[in-house]
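A short worksheet on the structure shown next.
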Amino acid sequence: MNKNLSNIKKAIKYLNNDECVGIPTETVYGLAANAYSNKATSKIFKLKKRPKKNPLIVHYYNLNLLKKDCVINGKFLKLYKKYSPGPISFVLKLKKNSLISKNVTNNKKTLAVRFPKHTLTRRLLKKLKYPLAAPSANVSTKISPVSKLDVIDEFGKKIKYVLDGGQSKIGLESTIINLTDRTQILRLGGIEKKDINKFLKSNIHFVKKQKNILSPGQSKVHYSPNIPIRLNVKNPKKNEAFILIKKRKHSGKNFYYLSYNKNLKEVAKNLYKTLRTIKKRKFKYIAIEKIPNKGIGEAINDRLKRASKFYEKFSRS
Ligand code: TXA
Ligand code: MG
């Protein structure tokens with residue numbers, strides 16, 4: 001049997017048994033479980049040490065199952081046709097008779113949904129009779145994983161199975177757009193805000209804080225390697241791991257390149273992987289070069305700001 005197919009079958013076996021499975025997506029790896037099962041979804045919160053209040057994104061193959069769970073509107077259909085499958089999540093109204101587990105939504109009336117593009121995960125979703133709740137496969141507030149080994153790094157033997165789909169192509173989480181009563185971007189990510197606005201001929205804003213939702217993706221303390229990070233640095237100190245996006249004449253042992261010529265997509269793809277490596281090499285401090293705040297750079301800077309805040313807050317308390 002084809003290896004991918006037999007791996008997908010393994011993943012299905014675990015998922016049907018209400019277990020959590022690591023799945024590859026083009027953004028980051030997810031920690032997936034049957035979104036209709038209370039038992040399976042409660043395991044996600046336990047493994048991730050995630051506050052119960054923080055709702056999960058649910059991953060679908062297409063609109064067939066989604067129509068049973070969510071109220072579909074015109075703006076959503078337009079964006080779905082343009083960007084899905086792909087790195088964008090939509091917040092929609094939940095239908096009253098939806099089968100989604102209460103754990104997923106924390107009893108709220110909205111649901112974040114996404115249609116990932118990774119071929120293996122699409123093949124998996126197509127074979128399932130339920131959608132997959134899947135937050136990023138990291139322990140709460142830590143760095144998101146972009147490979148199978150990263151997921152194992154986070155959970156060790158506590159995770160039963162990880163479907164190996166190679167390194168995530170985008171390397172940064174999906175853009176989240178609220179399409180319920182208000183239209184807002186809740187998280188910057190794989191699809192750029194300016195492209196969405198151009199496509200819809202709109203002026204949708206990024207709101208950093210939402211009322212009534214505890215959302216680490218939006219809180220200041222997130223995406224953290226637990227190491228203090230200095231931003232916009234030209235010259236690093238001796239004891240800092242120095243992250244760069246443009247080739248320098250003189251390189252040091254402590255230099256880590258995300259890209260050699262300021263290619264921001266490459267920067268996004270390599271960011272989490274590099275932070276994880278630096279953490280493994282036991283650096284106590286990180287410095288990072290200025291990253292242009294355009295295109296996906298805006299999402300990168302948003303993540304870096306949150307990561308740098310971790311230590312500030314930590315050292316204050
Ligand atoms: O790229 C991604 O979106 C990855 C891959 C695995 O799909 N998933 C991901 O999930 O990043 P997570 O849980 O790490 O981040 C999802 C964010 C959280 O900050 C959560 O609070 C927010 O989405 N969220 C979930 N449901 C929501 C809802 N109904 N309304 C507003 N925000 C919501
Ligand atoms: Mg996350």
Side-chain angles (χ1 to χ4, degrees), residues 20-33 35 41 44-45 47-60 69-70 83-94 98 100-118 121-122 125 131-146 150-151 154 162-163 165 168-191 207-224 268 272 299 302-303 306-307:
C20 297
V21 162
I23 57 164
T25 90
E26 72 280 19
T27 57
V28 299
Y29 272 64
L31 182 66
T41 49
I44 294 181
F45 288 88
L47 263 173
K48 270 185 69 90
K49 302 192 179 109
R50 180 170 173 118
K52 294 230 162 62
K53 278 188 198 163
N54 191 5
L56 306 177
I57 297 181
V58 176
H59 298 60
Y60 290 85
D69 293 328
C70 293
Y83 293 117
S84 293
I88 182 164
S89 300
F90 309 96
V91 176
L92 301 174
K93 283 191 177 152
L94 193 66
S98 140
I100 294 291
S101 159
K102 298 269 182 287
N103 296 333
V104 169
T105 55
N106 181 33
N107 283 313
K108 286 212 163 31
K109 294 188 172 65
T110 63
L111 185 69
V113 304
R114 176 160 125 70
F115 309 84
K117 195 170 187 170
H118 196 290
T121 291
R122 275 187 69 70
L125 285 167
L132 291 175
S136 52
N138 51 280
V139 174
S140 233
T141 77
K142 299 286 178 346
I143 308 169
S144 296
V146 291
D150 291 353
V151 180
E154 289 290 316
V162 185
L163 189 58
S168 297
K169 281 197 176 138
I170 293 177
L172 217 57
E173 296 83 351
S174 62
T175 301
I176 303 180
I177 182 162
N178 178 11
L179 297 174
T180 59
D181 297 333
R182 285 188 187 167
T183 308
Q184 308 155 310
I185 290 178
L186 305 179
R187 179 172 73 185
L188 300 172
I191 302 278
V207 287
K208 288 196 177 142
K209 271 192 187 151
Q210 251 192 111
K211 272 186 195 162
N212 308 325
I213 271 207
L214 173 84
S215 138
Q218 294 194 314
S219 83
K220 282 191 177 157
V221 182
H222 201 45
Y223 309 108
S224 169
Y272 290 153
D302 175 66
R303 302 298 192 277
R306 293 172 204 271

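Remember, it's 1-based here, ligands and their atoms both numbered in the order they're listed.
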Heavy-atom contacts with [X] under 4.0 Å: which atoms of ligand 1 show up? List them by number with element.
X	answer
Glu173	1 (O), 11 (O)
Ser174	1 (O), 2 (C), 3 (O)
Leu186	31 (C)
Gly30	6 (C)
Ile176	17 (C), 23 (O)
Ala134	6 (C), 8 (N)
Ala112	25 (C), 26 (N), 27 (C), 29 (N)
His59	5 (C), 6 (C), 7 (O)

Which bit of Arg50 is near ligand 1, meaning a heavy atom under 4.0 Å away: side chain, backbone, both or neither?
side chain
No-hydrogen, no-angle side-chain donor-acceptor test under 3.5 Å, [X] and [Y]:
X	Y	answer
Asp69	Tyr60	yes
Thr110	Thr180	no
Asn178	Gln184	yes
Ser174	Thr27	no

Any side-chain heavy-atom pair of [X] and [Y] under 4.5 Å:
X	Y	answer
Val207	Leu186	yes
Lys48	Pro135	yes
Leu56	Phe45	yes

Considering Val91, Ile57, Thr110, Val113, which one's heavy-atom position lies nearest to atom 16 (C) of ligand 1?
Ile57
What about Lys48: any of its N or O atoms under 3.5 Å from an N or O on ligand 1?
no
For ligand 1, which is the ligand I care about here, please tell me if Thr25 has any N or O atom under 3.5 Å from one of the ligand's N or O atoms.
no
To the nearest 0.5 angstrom, please state how far the OG atom of Ser144 sits from the CD atom of Glu173.
3.5 Å
Provide the closest heavy-atom pair for Ser140 versus Lys49 in the form atom of the first, atom of the second, distance.
CB-O, 3.4 Å
Does Ser136 bring an N, O or S atom to within less than 2.8 Å of the Mg ion (ligand 2)?
yes
State if Arg114 counts as touching ligand 1 under the rule of any non-hydrogen atom under 4.0 Å.
yes
